[in-house]
Protein chains: 2
Amino acid sequence: MDDEKKSRHSANVTADDVALAAGVSRWTVNRAFKKAASISPKSREKVMTAAEALGYVPDLRAASLASDRSNLVALLIDDFANPHKLVMLERLTRALRRKGWDTLLVNTLDREDAAPAILNASQRRVDAAILIGIQFDDDVLEAALRARRFKKLIIFARTSENPDTISISVDDIKATQEIAAYVLARGYKRPLFLAGPRTYSAHLLRLETFVDSWQRATGDTPENISVAEYDPILAADAAYKTLSALPPQARPDIIVCENDALAIGTIDTIRHRLGLRVPQDIAVIGFDDVPQAESPNYRLTTYRQPLTDMANYLVDVLESAEDIDFDRTFTGRLVTRESA
Amino acid sequence: MDDEKKSRHSANVTADDVALAAGVSRWTVNRAFKKAASISPKSREKVMTAAEALGYVPDLRAASLASDRSNLVALLIDDFANPHKLVMLERLTRALRRKGWDTLLVNTLDREDAAPAILNASQRRVDAAILIGIQFDDDVLEAALRARRFKKLIIFARTSENPDTISISVDDIKATQEIAAYVLARGYKRPLFLAGPRTYSAHLLRLETFVDSWQRATGDTPENISVAEYDPILAADAAYKTLSALPPQARPDIIVCENDALAIGTIDTIRHRLGLRVPQDIAVIGFDDVPQAESPNYRLTTYRQPLTDMANYLVDVLESAEDIDFDRTFTGRLVTRESA
DNA sequence: AATGCTATTGCACGCGCGTGCAAGAATCGG
DNA sequence: CCGATTCTTGCACGCGCGTGCAATAGCATT
């Protein structure tokens, strides 16, 4: 109709149009779209029908600009090899969306692009950044902190000693102690710990805790090996190399893996390349409880993190305004299946 | 300093502040941040140093609002079980970011929340929506189309007959014919096709093509079974049920799977639950070439989609303004390993 | 019917930047 | 050294909505 006023932009229907159609002011229109607004049921109804007819929905960019609150978080991820990340993405996006938050997915795998990507997210004025990657401690984390626009920087499912950071994770020490106790109780004698990259101190926690617990209980120091990435293929190779070099009587009777990705690669290797049985010849324990762990072909004993609770807590943290110390660890549980 | 004018909002440093510090106008400041802007090297430098000192970066929300171009795409995904999706996320986010696009991750797994989530993305005025899920044909796709704000609706790595949609995918027919020819050439006699959900017509393409090709070449009609989801666990169960019911001489000598997730579950079952060898007793072929396929434990023969090319093409589509028919299929290649 | 109170509504101003054009500065040939 | 070009720069106006307060309408009470 009046396409004069629609100057440059492709005739967007705006709150003004709806206001005109509904016979109210623009502000009433926008109020109709907020749940906790003071508006009479009548006018809300009028507005809504008019809006429906015109195909109007509020523009979140403008809302964000005006309110200085974007309801957007950046999800930084640098690990696309571990299927468990997919589970985390699902849980996080779901929990966030439930409370009206949107998720900007930022790929920081390529270290060159990581800093620009983070900067870019900050230019979208995200309200927080969530890290669910691996190698964040160094450059990436620093870049994220330097782009000082993140009101909150949350490390999810990993501990971090950085004080500028909110860490939401499972209690690794408690978890690993539980695993060690289980291994002991089941009568295993020669555990081997298969760890991920050793570069970052936080990653050593499970390894150290396991070694400590075992030493304390038995006096023996368990062997351990580590791989450069959390990759089942690398785990498979590392396990093969170690195990095939050992005479049968010197073989570990259980391999405790830092996570399920490593555990699955290990099981595959034990069976196919070494021709041994799991758990009869060598048992395996993982960590995370990925979907595959439940498969009849793995039946992996593993430690499940309460991801949903953690995600919900994360959203609570986002919503709360105070600037207190939000760090929190959760307790998961050992899921015992047939692999150990 | 002058915190009077910073009224409600937490003293954001804006282009005006930088302009003041650099002794230029606000417009010059913003020009300095666009690569293709007419600005003298001198003033750009002045602006940049001032910006650096003040910690200024342009606000993309405001830019988007003013220009009616968000440089944001919504990535709709409803499948978090297949690790291949993680690879797709990596490739897509990388290709997009390279050209200045950001990615909004929208979880449409929960059918209840799918429509609101899509609506919400449209309220962020994303420039396009990309679907990389599975069950999109019906409600979700319709919801996406109904939220008529997506300038482009792209179906990635899957064909779609919907005319309002841009489909970027691998040529399934060609690919499956190549697989069928390979199976034939390797001398297999009794193939079994393991398919995914049958609900959506597009998914039947590989199955139908394989059956057709095989019939044409041999006169025989291959058996086929299907599972309700692309889930290795379901595939494992289905394969077990079918194979264990068959006497050895009636067993298929090769199982052609609609994708790698199914193939991996199948291999696990053949080995562990049936105690048979791959490929000597039963060979297996997949589709996608997930990272696991390369593992020494699987060595899966599979069909690799040129994901990077496809992602780059997708970005090209986003950048081009014309409203032509962008549908395009790519040709991948059969990666032969030891599983078949 | 007047009064007092609360539930609704309207509005001025601002959020930070892009567009398109016009004014000003720099450059060049003769 | 001057007028003609070409670069740079500045600016009015608008993008669509939120905030906080003032104005108004609605309602029950006496």
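Below, chains carry the letters A, B, ... as their sequence lines are ordered, and counting in each starts from 1.
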Subject >> Test log, rule side chain to side chain donor-acceptor pair (under 3.5 Å), inputs A/Asn107 and B/Thr93 >> reply: CA-CA 6 Å; A/Asn107 178 351; B/Thr93 50; 3.1 Å; yes
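- One atom, CG of A/Asp68, and another, P of D/dG18, lie 13 Å apart when rounded to the nearest Å.
- Regarding B/Arg124, its CZ atom lies at a distance of 15 Å from the C1' atom of D/dG16, rounded to whole Å.
- Between B/Arg98 and A/Asp113 there is a salt bridge, since at least one side-chain N of the basic residue sits less than 4.0 Å from a carboxylate O of the acidic one.
- Within a heavy-atom distance below 4.0 Å of DNA chain C, the residues of residues 23-35 of chain B found are B/Arg26, B/Trp27, B/Asn30, B/Arg31, B/Lys34.
- The salt bridge (Lys or Arg N to Asp or Glu O under 4.0 Å) search around B/Asp102 returns A/Arg124, B/Arg97, not counting sequence neighbours.
- For the pair A/Ser43 and C/dT9, the criterion of a side-chain N or O lying under 4.0 Å from OP1 or OP2 is met.
- Closest contact between the side chain of A/Ala63 and the listed nucleotides C/dC17, D/dG18, C/dT8 involves D/dG18.
- Using a 4.0 Å heavy-atom distance criterion, B/Ser40 is classed as a sugar-phosphate-only contact.
- Sorted by first and then second residue, the ring pair (Phe, Tyr, Trp, His ring centres under 6.0 Å) pairs involving residues 30-80 of chain A (not counting sequence neighbours) are A/Phe33-A/Tyr56.
- A search for ring pair (Phe, Tyr, Trp, His ring centres under 6.0 Å) contacts involving B/Phe330 returns B/Tyr313, not counting sequence neighbours.
- Identified under the ring pair (Phe, Tyr, Trp, His ring centres under 6.0 Å) test for residues 105-126 of chain B, with sequence neighbours left out: none.
- Remark: C1' of C/dC15 and CG of B/Asp16 are 12 Å apart, rounded to the nearest angstrom.
- Take the nearest nucleotide of DNA chain D for B/Arg44 and for B/Ala62: the residue whose nucleotide is more 5' is B/Arg44.
- For A/Ser64, no side-chain nitrogen or oxygen approaches OP1 or OP2 of D/dC17 to under 4.0 Å.
- If you measure from atom CD1 of B/Ile39 to atom P of D/dG10, you get 9 Å, rounded to the nearest angstrom.
- Atom pair A/Leu20:CG and D/dG16:P shows a separation of 15 Å (rounding to whole Å applied).
- In this structure, CZ of B/Arg69 is placed 17 Å from P of D/dG16, rounded to the nearest angstrom.
- Applying the salt bridge (Lys or Arg N to Asp or Glu O under 4.0 Å) criterion to B/Arg31, with sequence neighbours excluded, gives no partner residue.
- Under the salt bridge (Lys or Arg N to Asp or Glu O under 4.0 Å) criterion, B/Arg26 pairs with no residue at all, not counting sequence neighbours.
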Enumerate all atom pairs, one protein N or O and one N or O from nucleotides 25-27 of chain C, separated by less than 3.5 Å.
none

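- Rounded to whole Å, the distance from CG on B/Leu65 to C1' on D/dC15 is 4 Å.
- Of the candidates C/dT19, D/dC17, C/dC17, D/dC17 carries the atom nearest the A/Thr14 side chain, counting heavy atoms from C-beta on.
- The backbone N or O of B/Ala62 sits nowhere less than 3.5 Å from a side-chain atom of A/Arg61 that would complete a donor-acceptor pair.
- In this model, the phosphate group of D/dG16 is approached by a side-chain N or O of A/Asn12 to a distance below 4.0 Å at OP1 or OP2.
- Looking at residues two or more places apart in sequence or on another chain, you find no salt bridge (Lys or Arg N to Asp or Glu O under 4.0 Å) involving A/Arg91.
- B/Asn71 has its CG atom 11 Å from the P atom of C/dG18, to the nearest Å.
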